[in-house]
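First the structure, in the form of structure tokens, and then the observations on it.
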Protein chains: 2
Amino acid sequence: MRLTTKGRFAVTAMLDLAMRQGCGPVTLAGISERQSISLSYLEQLFGKLRRAELVDSIRGPGGGYTVSKNLLNITVADIIVAVDESVDATQCAGRENCHDNHRCMTHDLWTNLNITIFDYLSNVSLASLVEKQRAKEVCVMQDKRECSATQTATASKAL
Amino acid sequence: MRLTTKGRFAVTAMLDLAMRQGCGPVTLAGISERQSISLSYLEQLFGKLRRAELVDSIRGPGGGYTVSKNLLNITVADIIVAVDESVDATQCAGRENCHDNHRCMTHDLWTNLNITIFDYLSNVSLASLVEKQRAKEVCVMQDKRECSATQTATASKAL
DNA sequence: AAATTGTTGACTAGATTACTCGGGAATTAG
DNA sequence: CTAATTCCCGAGTAATCTAGTCAACAATTT
């Protein structure tokens with residue numbers, strides 16, 4: 001479990017997407033503008049999110065991305081693993097650190113830390129993030145009217 | 001709280017040092033050899049550890065480093081903060097990520113994750129790492145006889 | 001046919017990591 | 001005193017990673 005800004009961007013983008021579920025496909029251009037993330041960078045990230053089957057894509061005008069499953073079944077850990085290609089990364093750096101043939105002295109420490117982090121992030125669903133966000137501001141883009149009030153009401157009832 | 005291999009190296013080196021407390025000052029050359037960490041890199045790390053007052057240094061022949069306080073009062077979090085110059089790092093990357101003037105949507109998520117990680121690492125003392133390590137192998141360098149059996153016994157009684 | 005949107009791959013500036021190198025300064029042994 | 005040992009410090013650096021850019025293309029709709 002690596003924690004980089006790449007993972008944070010991905011979570012932010014997924015949250016933006018999740019907030020607009022039901023409004024039809026959401027374009028990367030829109031997410032890019034609202035969240036101030038470069039469009040090309042988002043393309044990279046969503047390529048990985050799509051291959052991880054967290055989002056579905058629809059091409060052509062009116063196309064975009066939608067979340068592929070129930071928001072309750074997607075966790076922050078899923079998103080981070082999808083974009084950061086976790087590759088182990090914590091097991092004493094894989095190759096160079098484990099001392100001689102026995103496990104390095106701090107092996108268990110890092111393994112347990114990894115479990116702690118993963119547990120925490122596995123228990124935060126996209127649904128809960130959406131809920132908290134709605135509690136803060138009735139609709140993020142209230143002023144821009146890109147998503148109707150009706151949609152917001154329906155979505156929050158689903159939680 | 002950043003988690004890099006730099007921090008892992010520092011924890012490994014501090015554990016090596018802690019295992020030898022009472023044998024007199026421990027040289028970086030020795031830690032370098034035992035833990036397969038480059039000497040020059042250790043010098044950089046121990047410069048920071050000394051400025052953070054986690055270790056004391058003694059120059060000249062027979063010199064080296066000693067842990068500056070009780071092993072119970074040094075945590076893994078202390079060590080990582082000392083070498084990684086944590087600078088905040090988690091607060092939505094400080095500058096670029098926080099959206100507009102309100103806190104970015106995932107601000108609370110990262111803040112709480114940070115707290116979770118910090119709490120975990122703040123509750124692991126050097127003393128507990130030494131204890132676990134001694135439980136695994138009676139003395140790490142048993143075969144090399146650099147540290148007497150008497151010393152090992154005294155140290156484990158202190159826990 | 002033209003516009004829109006996703007898809008892919010190659011490339012890159014800048015930052016960071018994990019070092020090396022060279023010269024010091026303090027201390028002790030002989 | 002001299003030489004050896006050890007810490008101390010700053011500059012430099014190759015490799016890697018981050019956060020992108022750019023260009024071309026594929027699918028779909030109007």
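Protein chains get the first letters and strands the later ones, always in sequence-line order, with residue 1 at the start of each.
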Rounding to a whole Å, what distance do you find between [X]:[atom1] and [N]:[atom2]?
X	N	atom1	atom2	answer
B:Leu49	D:dC7	CG	P	13 Å
B:Arg8	C:dT17	CZ	P	12 Å
A:Leu45	D:dC17	CG	P	17 Å
A:Tyr41	C:dG6	OH	P	18 Å
B:Lys6	D:dC17	NZ	P	16 Å
A:Leu39	D:dC22	CG	C1'	12 Å
A:Asp56	D:dA27	CG	P	18 Å
B:Ile37	C:dC19	CD1	P	9 Å

With a 4.0 Å limit, can you tell me whether A:Thr27 has a side-chain N or O closer than that to the phosphate oxygens OP1/OP2 of C:dG6?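 No.
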Under 4.0 Å between a side-chain N/O of B:Thr4 and OP1 or OP2 of C:dT16, yes or no? no
Just call it for A:Val26: base, sugar-phosphate, or nothing, with non-hydrogen atoms closer than 4.0 Å on any strand.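 Contact class for A:Val26: sugar-phosphate only.
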With B:Phe9, the side chain to side chain contact (heavy atoms under 4.5 Å, CB included) member among B:Leu45, B:Thr4, B:Val83: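 Result: among B:Leu45, B:Thr4, B:Val83, B:Leu45 is the only option passing the side chain to side chain contact (heavy atoms under 4.5 Å, CB included) with B:Phe9.
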For B:Asp119, which residues count as a side-chain contact (heavy atoms from CB on, under 4.5 Å) partner, sequence neighbours excluded?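 Partners of B:Asp119 by the side-chain contact (heavy atoms from CB on, under 4.5 Å) criterion, ordered by chain and then number, come out as B:Ile115.
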Would you indicate whether the side-chain heavy atoms of B:Phe118 and B:Asn114 approach each other to under 4.5 Å? no
With [X], which residues qualify under side-chain hydrogen bond (donor to acceptor under 3.5 Å, both in side chains), at least two apart?
X	result
A:Thr116	none
B:Ser122	none
A:Thr75	A:Asp78

Treat primed atoms plus P, OP1 and OP2 as sugar-phosphate and everything else as base, then score nucleotides 7-12 of chain C 5' to 3': B for base contact with protein heavy atoms under 4.0 Å, S for sugar-phosphate contact only, - for none. BB----
Using residues 49-65 of chain A as the side-chain source, report each donor-acceptor pair under 3.5 Å to any protein atom, sequence neighbours left out, with the distance given to one decimal.
none

